[in-house]
Amino acid sequence: METGLSNTEKFALQLLEWFYKVKRDLPWRRSRDPYAIWVSEIMLQQTRVETVIPYFERFMQRFPSINELADAPEEDVLKHWEGLGYYSRVRNLQSAAREVKAEYGGVVPADPERFIKLKGIGSYTKGAVMSIAYQIAEPAVDGNVMRVMTRWCGWYDDIAAGKTKTKIEEFVRTVIPRDQPGDFNQALMELGSQVCTPKSPSCERCPVQLNCMTFANGWQNELPVKTKLKSDRVESRWVAVVTRRRAYDGEVEVLVRQRPDTGLLAKLWEFPHEIFTGGEAHEVISESLRFNSDHPKLFWQGTHVFSHLKWQLDAYYVELLEDVEIGAELTWFGPEERAKYAFAQAFTVIWQAFENRALEAM
DNA sequence: AATCCGGGGTA
DNA sequence: TACCCAGGATT
């Protein structure tokens with residue numbers, strides 16, 4: 001049959017038709033608010049849909065508009081990101097919200113060139129928000145789209161190389177329908193996550209199988225080409241869970257410190273390695289005999305894996321029996337502070353292990 | 001171009 | 001284990 005359509009036009013039509021049938025009902029798809037779509041796209045960076053949903057609901061309830069996010073205390077914003085990872089995302093998001101409030105009257109600019117200048121907005125997020133919120137025909141090329149397009153085109157370009165992403169963006173720009181760019185971008189990603197999966201893709205269910213070079217040639221196990229990442233480095237560290245009891249209600253308090261404002265887990269809270277008394281730093285373990293009649297007790301060991309780093313962790317318990325002067329670098333967290341401030345996941349695991357151990361001892 | 005930056009699901 | 005995930009900033 002002769003339809004008069006090019007292969008890429010058929011691709012777009014078949015993909016959209018499929019998307020309208022299988023489209024999932026996701027919280028951010030119920031909103032037309034550019035800010036809500038923006039928040040969802042930041043959360044979805046390197047993060048699965050199922051993980052994001054509860055964070056998105058909680059975040060939008062607490063910060064329903066750009067102005068309310070801009071005016072919120074940073075510690076509150078970080079607390080609503082606790083456990084989601086890549087914490088610079090939310091610090092950049094609040095910084096960008098403050099800029100939008102000041103420069104654009106609290107309205108997300110409907111201009112890709114202005115929007116991408118905001119903190120935390122790269123080429124993918126620019127395309128996603130502009131196309132979904134404002135129906136602007138910009139490509140939104142993420143890991144899913146790179147996999148789908150290299151397979152469909154039969155390209156052996158290394159998707160780990162930067163120029164491959166540029167090549168795919170230029171190609172998508174020629175395919176993207178001018179009247180429904182947001183749906184098209186979402187459809188590409190949906191196809192990548194639901195059908196054109198990294199391993200054993202479901203080609204029998206694929207709506208764009210017709211002119212797919214990978215399906216035609218049986219290259220499913222060859223494409224996409226991606227160079228391997230270097231292996232993680234390993235760091236060994238120990239931390240101390242130092243406790244005392246509050247005099248007025250008997251609640252347990254734990255000694256914590258705030259991490260530096262840049263780098264890994266910036267501004268999150270953690271258990272200390274050192275204790276500060278009289279302006280000097282001492283290792284908690286070596287000093288513990290001053291505080292506790294018992295030796296420090298190793299109560300937990302484990303590993304925590306980051307993107308490019310693995311921690312081998314030892315956790316010791318030290319009970320503070322007499323009151324000692326603690327330097328300003330450290331502070332005590334009771335239940336109230338724990339509920340208010342963001343704690344790094346690696347240490348939350350240790351805190352829970354500590355509580356479980358305390359329960360068993362009762 | 002290479003590295004940093006989290007945490008969790010999956011084969 | 002190894003890979004991947006609706007990536008961006010920094011060097």
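First the proteins, then the strands, lettered A, B, ... as listed; each starts at 1. The basis for the numbers below is simple: all heavy atoms, side chains too, and nothing from hydrogens, waters or symmetry mates.
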> Relative to the 5' end of DNA chain C, which residue comes earlier, A/Arg48 or A/Leu118, by the nucleotide with the nearest heavy atom?
Replying inline: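 By nearest-heavy-atom nucleotide position, the 5'-most residue is A/Arg48.
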>> Can you work out whether A/Lys165 or A/Arg147 has the more 5'-proximal nearest nucleotide on DNA chain C?
In response: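 Whichever sits nearer the 5' end wins; that is A/Arg147.
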Between [N] and [M], how far is it from one [atom1] atom to the other, in whole Å?
N: C/dA6; M: B/dA11; atom1: P; answer: 14 Å
N: C/dC3; M: B/dT3; atom1: P; answer: 16 Å
N: B/dG6; M: C/dT11; atom1: P; answer: 15 Å

With a 4.0 Å limit, can you tell me whether [X] has a side-chain N or O closer than that to the phosphate oxygens OP1/OP2 of [N]?
X: A/Gln46; N: B/dG8; answer: no
X: A/Arg233; N: B/dC4; answer: yes
X: A/Tyr86; N: B/dC4; answer: no
X: A/His304; N: B/dG6; answer: no

> Is the number of heavy atoms from other residues, nucleotides or ligands under 6.0 Å of A/Lys310 NZ greater than 12?
Replying inline: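 Open.
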>> Does A/Glu113 have more than 12 heavy atoms from other residues, nucleotides or ligands lying within 6.0 Å of its CD?
In response: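 For A/Glu113, atom CD is not crowded (no more than 12 foreign heavy atoms under 6.0 Å).
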Is [X] touching bases, backbone alone, or none of the nucleic acid, heavy atoms closer than 4.0 Å?
X: A/Leu309; result: nothing
X: A/Ser88; result: nothing
X: A/Glu41; result: base
X: A/Thr125; result: sugar-phosphate
X: A/Gly83; result: sugar-phosphate

> Would a 4.5 Å heavy-atom cut-off, applied to side chains only, mark A/Glu270 and A/Val256 as touching?
Replying inline: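 No, side chains not in contact.
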In whole Å, what is the span from the [atom1] atom of [X] to the [atom2] atom of [N]?
X: A/Phe306; N: B/dG8; atom1: CZ; atom2: C1'; answer: 13 Å
X: A/Gln45; N: B/dG8; atom1: CD; atom2: C1'; answer: 17 Å
X: A/Phe343; N: B/dG6; atom1: CZ; atom2: P; answer: 16 Å

>> Would you call the rings of A/Phe333 and A/Trp269 parallel, tilted or perpendicular, taking 30° and 60° as the class edges?
In response: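 Plane angle between 30° and 60°, so tilted.
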> Do the rings of A/Phe306 and A/Trp311 sit parallel, tilted or perpendicular, given the 30° and 60° boundaries?
Replying inline: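 Aromatic pair A/Phe306/A/Trp311 classed perpendicular.
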>> Under 3.5 Å, is there a donor on one side chain and an acceptor on the other for A/Tyr124 and A/Glu41?
In response: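 Judged by distance alone, the side chains do pair up.
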>> Under 3.5 Å, is there any donor-acceptor pair linking the side chain of A/Thr51 to the base of B/dG8?
In response: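 Flag unset: no donor-acceptor pair detected.
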>> For A/Ser95 versus A/Lys119, what's the shortest heavy-atom pair and its separation?
In response: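 Closest approach of A/Ser95 to A/Lys119, heavy atoms only: OG-CD, 3.4 Å.
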>> Reading DNA chain B from 5' onward, which residue's closest nucleotide shows up sooner: A/Lys163 or A/Ala344?
In response: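 Closer to the 5' end of DNA chain B: A/Lys163.
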>> At a heavy-atom distance below 4.0 Å, which nucleotide of DNA chain C is the first touched by chain A, and which is the last?
In response: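 Boundary nucleotides touching chain A, in 5' to 3' order, are C/dC3 to C/dA9.
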> Excluding sequence neighbours, so at least two apart, what forms side-chain hydrogen bond (donor to acceptor under 3.5 Å, both in side chains) with A/Asp25?
Replying inline: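 For A/Asp25 the side-chain hydrogen bond (donor to acceptor under 3.5 Å, both in side chains) partners, ignoring immediate neighbours, are A/Arg30.
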